[in-house]
Amino acid sequence: MWRLRYDHHQGRAPLYAMLAAYLGVPASDVQLEEAAHGRPSLAPAHGEALSFNWSHSHDQALIAIARGVVPGVDLERLRPHPRALTIAQRYFSPSETKALAGQPEARRDRAFLELWTAKEAVLKAVGRGIAFGLHRLSIGGSSEQPVLDYLEGHPAEQWQLHRVALDDAHVGTLAWHGAPRRVRLWTLADAD
């Protein structure tokens with residue numbers, strides 16, 4: 001997984017550059033296509049060796065590149081969420097809402113984004129995104145080690161979640177269906 005500085009004017013250029021490096025081709029030769037629910041993937045011309053996902057928030061981006069699994073990654077910049085409990089009551093599971101309500105107020109914004117990024121990472125790995133419904137999955141575990149407790153239509157115990165250690169201003173989560181794997185995080189020099 002790669003962490004890099006991001007400017008929204010760049011569009012997908014950093015993603016194309018990273019995929020090009022892995023594929024050994026110029027960025028202009030990288031071809032993407034979108035699945036039925038909008039998840040981008042490499043075009044068949046590149047084979048099936050790599051899967052990827054990416055997320056960006058404010059001035060940072062994460063790019064997850066994997067072989068043999070389809071990753072989902074989400075990144076959010078930490079900010080106040082005065083309606084976090086209201087959103088949780090409407091869209092999260094009862095156990096997630098209870099866990100969030102039990103957090104000290106000073107930690108609630110981060111806890112909300114930890115749940116949010118875990119849920120979105122799983123939904124991106126499934127290839128559906130949040131339109132599938134945040135209520136169709138439930139996250140448990142700890143802040144450092146989230147666990148997928150439930151995912152409608154999927155065996156939750158076959159999923160891996162990994163909290164991405166970033167900085168005090170960002171929260172990130174990586175998810176994939178399959179066996180545990182070693183996760184490596186590289187930060188491009190200009191990301192700090």
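When hydrophobic clusters are built by joining Ile, Leu, Val, Met, Phe, Trp and Tyr residues whose side-chain heavy atoms come closer than 4.5 Å, directly or via intermediates, Ile130 is not grouped with Trp54. Hydrophobic clustering places Leu4 together with Leu15 (ILVMFWY residues linked when any side-chain heavy atoms are closer than 4.5 Å, directly or through intermediates). Put simply, Val69 and Val126 are part of two different groups of oily side chains (I, L, V, M, F, W, Y) that touch within less than 4.5 Å, one to the next. Under a hydrophobic-cluster definition in which Ile, Leu, Val, Met, Phe, Trp and Tyr are linked whenever side-chain heavy atoms come within less than 4.5 Å, directly or via other members, Trp176 and Leu75 are assigned to the same cluster. Residue Leu42 is grouped with residue Trp2 when hydrophobic side chains (ILVMFWY) are merged at heavy-atom distances under 4.5 angstrom, including chains of intermediate members.
For CZ of Arg77, the number of neighbouring non-hydrogen atoms (other residues, nucleotides, ligands) closer than 6.0 Å is greater than 12. More than 12 heavy atoms of other residues, nucleotides or ligands lie within 6.0 Å of CD in Glu157, so this atom counts as buried by the packing criterion. Residue Tyr91 qualifies as open at atom OH: its count of foreign heavy atoms under 6.0 Å is 12 or below. Counting non-hydrogen atoms of other residues, nucleotides and ligands closer than 6.0 Å to CD of Glu105 gives a total of 12 or fewer.
For the residue pair Ser93 / Glu96, a side-chain donor-acceptor distance below 3.5 Å is found, with atom types taken as modelled. Side chain to side chain, Gln60 and His170 fail the donor-acceptor criterion of an N or O pair below 3.5 Å. When only modelled atom types and interatomic distance are considered, Arg107 and Ser143 share a side-chain donor-acceptor pair under 3.5 Å.
How far CG of Leu115 is from OG of Ser138: 8.5 Å, rounded to the nearest 0.5 Å. For the atom pair CZ of Arg67 and CZ of Arg181, the computed distance is 10.0 Å after rounding to the nearest 0.5 Å. Separation of atoms OG (Ser95) and OH (Tyr150) is listed at 12.0 Å; rounding is to 0.5 Å. For the atom pair Leu19 CG and Leu32 CG, the distance stands at 6.5 Å (nearest 0.5 Å).
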For Thr173 and His162, run side chain to side chain contact (heavy atoms under 4.5 Å, CB included): C-alpha distance rounded to whole Å, both residues' side-chain angles, the deciding distance at 0.1 Å, then the answer. CA-CA 6 Å; Thr173 306; His162 178 84; over 6 Å; no

Check the pair Gln158 / Leu148 against side chain to side chain contact (heavy atoms under 4.5 Å, CB included), numbers first and verdict last. CA-CA 9 Å; Gln158 295 178 6; Leu148 182 61; over 6 Å; no

Steps toward side chain to side chain contact (heavy atoms under 4.5 Å, CB included) verdict (Thr86, His81): CA-CA 10 Å; Thr86 303; His81 285 279; over 6 Å; no

Is there a side chain to side chain contact (heavy atoms under 4.5 Å, CB included) between Met1 and Ile65 once you walk through the steps? CA-CA 6 Å; Met1 177 170 333; Ile65 299 176; over 6 Å; no

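His46 places a side-chain N or O within 3.5 Å of a backbone atom of Gln31 that can act as its donor or acceptor partner. Using modelled atom types, no side-chain atom of Arg128 and backbone atom of His37 make a donor-acceptor pair closer than 3.5 Å. Asn53 contributes a side-chain N or O that, together with a main-chain N or O of Val73, makes up a donor-acceptor pair within less than 3.5 Å. Judged purely by atom type and a 3.5 angstrom limit, Arg110 uses its side chain to pair as donor or acceptor with the backbone of Asp168. No donor-acceptor pair under 3.5 Å is formed between the side chain of Arg163 and the backbone N or O of Pro146. In this structure, the side chain of Thr97 engages the main chain of Ala88 through a donor-acceptor pair within 3.5 Å. Judged purely by atom type and a 3.5 angstrom limit, Gln160 uses its side chain to pair as donor or acceptor with the backbone of Gly178.
Residues Tyr6 and His56 place their aromatic rings such that the two centres sit under 6.0 Å apart.
Residues Leu161 and Leu174 form no side-chain contact, since every pair of their non-hydrogen atoms from C-beta on lies 4.5 Å or further apart. Residues Leu137 and Glu152 have side chains not in contact (no heavy-atom distance under 4.5 Å, counting atoms from C-beta outward). For the pair Glu120/Ser55, no side-chain contact is recorded, criterion being any heavy-atom separation below 4.5 Å from C-beta on. Side-chain atoms of Leu188 and Met18, non-hydrogen and from C-beta on, do get closer than 4.5 Å to each other. Side-chain contact between Ser41 and Glu33 is present, with heavy atoms from C-beta onward closer than 4.5 Å. At a threshold of 4.5 Å between non-hydrogen side-chain atoms, the residues Leu100 and Leu85 count as touching.
In this structure, Arg136 forms a cation-pi arrangement with Phe132, its terminal cationic atom sitting closer than 6.0 Å to the ring centre and no more than 45° off the ring axis.
Using a cutoff of 4.0 Å between basic side-chain nitrogens and carboxylate oxygens, Asp109 and Arg79 are not scored as salt-bridged. Using a 4.0 Å cut-off between charged side-chain N and carboxylate O, Arg3 and Asp167 make a salt bridge. The pair Asp74-Lys119 fails the salt-bridge criterion, with no side-chain N (NZ, NE, NH1 or NH2) lying under 4.0 Å from an Asp/Glu carboxylate O.
Below 30°, between 30° and 60°, or above 60°: for Phe112 and Phe92 the angle between ring planes is below 30°, a parallel geometry.
Residue Ser51 comes nearest to Pro71 through the heavy atom pair CB-CD, 3.7 Å, listed as atom of the first residue, atom of the second, then distance. Residues Ala111 and Gln103 come closest through the heavy atom pair CB-CG, 3.7 Å.
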